[in-house]
Amino acid sequence: MSKALEISKLQAWYGESHILHDVNLSVEQGEVVTLLGRNGAGRTTTLRAIMGLTGRSEGSIKINGVESIRMPTYKIAHLGVGYCPEERAIFSSLSAEENLLLPPVVSKTAKGMSVDEIYAMFPNLAERRDSQGTRLSGGEQQMLAVARILRTGARLLLLDEISEGLAPVIVQALARMILTLKSQGYTIVMVEQNFRFAAPLADRFYVMEHGQIVEQFAARELDANMSVLNELLGV
């Protein structure tokens, strides 16, 4: 069985700025993997490169065994990839439910979650379905941003800083969501600054610094690597 995601020797640029330098990482089907690192380390650029959203990239990105590095973004989405960017991109003039219904089902192999299934997972959104995007709290907007990609049939989810700036009760709800999705066989790659949020959820960790992977280890090796993490992240 092919890996959900396999990246090798990935280089990426924004204009003349060379951001990623020989990034190598792989994610098995059904795994939760977290990219750790300080701001500017290249973690968000890695997610954007997977989606074909950087200026230029070289190397290899395989999604379920399919080489995607030269594909346009919409074709990458059709491989069953959902990207939840840090800025959320909720349409303020549309209701929560209208935002939810915007994306089409794009995966050729999996049907998206139904609206009823999404509301069962996110009861807050069911209550606020008729509220305008601007009237939703930050936590509700974040839930909506994640829920929206679940409608597309994506089974590989790229989540960028979904816990940032949110109240603890919302962060706990997002953690439960990730565990539920994992139990349903979704593959998740998370960029996270909040180490305490990511630590109990991830199967494996990659640490980035200056556009490169500098450490990687499994969840069971976390305790043994805490001194390294303290040095690299200040956790």
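When reading the values below, keep in mind they use all heavy atoms of this one structure, side chains included, and skip hydrogens, waters and symmetry mates. Residues take their numbers from the sequence shown, with the count starting at 1.
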Q) Are side-chain N/O atoms of Glu161 and Asn194 paired as donor and acceptor at under 3.5 Å? A) no
(Q) Does Asn24 form a side-chain contact (heavy atoms from CB on, under 4.5 Å) with Leu10? I'd like the steps, not just the answer. (A) CA-CA 7 Å; Asn24 298 283; Leu10 176 62; over 6 Å; no
Q) How about Tyr14: does its OH atom have over 12 heavy atoms from other parts shown lying under 6.0 Å from it? A) yes
**Q.** Val27 side chain reached by Lys3 side chain, heavy atoms, under 4.5 Å
**A.** no
Q: Give me the one residue out of Leu20, Ile19, Asp22 that meets side-chain contact (heavy atoms from CB on, under 4.5 Å) with Gln11.
A: Asp22
Q) Measuring from Ile50:CD1 to Leu156:CG, what's the distance to the nearest 0.5 Å? A) 7.0 Å
Q: To the nearest 0.5 angstrom, please state how far the CG atom of Asn124 sits from the CZ atom of Arg129.
A: 12.5 Å
Q) In terms of heavy-atom contacts, does NZ of Lys182 have more than 12 from other residues, nucleotides or ligands at under 6.0 Å? A) yes
Q) Going by atom types alone, do Glu67 and Ser60 pair a side-chain donor with an acceptor below 3.5 Å? A) yes
Q) Would you call Asp203 and Val33 a side-chain contact if the rule is heavy atoms closer than 4.5 Å? A) no
Q.
Could you tell me if the side chain of Met177 sits less than 4.5 Å from the side chain of Val146, heavy atoms only?
A. yes
Q | Distance-only donor-acceptor check, side chains Thr44 and Glu86, under 3.5 Å | A | no
Q | Heavy-atom closest contact (Ile162 atom, Cys84 atom, distance) | A | CG2-SG, 4.4 Å
Q. In terms of side-chain heavy atoms, does Gln193 have a donor or acceptor partner in Arg43 at a distance below 3.5 Å?
A. yes
Q) Just wondering, do Leu157 and Leu150 contact through their side chains at under 4.5 Å, heavy atoms? A) yes
Q) Any side-chain donor paired with an acceptor under 3.5 Å for Tyr119 and Glu97? A) yes
Q | Glu140 side chain near Ser131 side chain, heavy-atom distance below 4.5 Å | A | no
Q. What heavy-atom pair brings Ala175 and Leu201 nearest, and what distance separates the two atoms?
A. O-CD2, 3.8 Å
Q.
Around atom CZ of Arg135, are there more than 12 heavy atoms from other residues, nucleotides or ligands closer than 6.0 Å?
A. no
Q: Compare all side-chain heavy atoms of Leu174 with those of Met143 and state whether any distance is below 4.5 angstrom.
A: yes
Q. Within a strict 4.5 Å, meaning less than it, do heavy atoms of the Val81 and Leu158 side chains meet?
A. yes
Q: Determine the interplanar angle of the His21 and His18 rings, folded into 0 to 90°, and report it as parallel if under 30°, tilted if 30 to 60°, perpendicular if over 60°.
A: tilted
Q.
For His210, I'd like to know if atom NE2 has over 12 heavy atoms of other residues, nucleotides or ligands within 6.0 Å.
A. no
Q. Hey, are the side chains of Leu5 and Val189 touching, using non-hydrogen atoms and a 4.5 Å cut-off?
A. yes
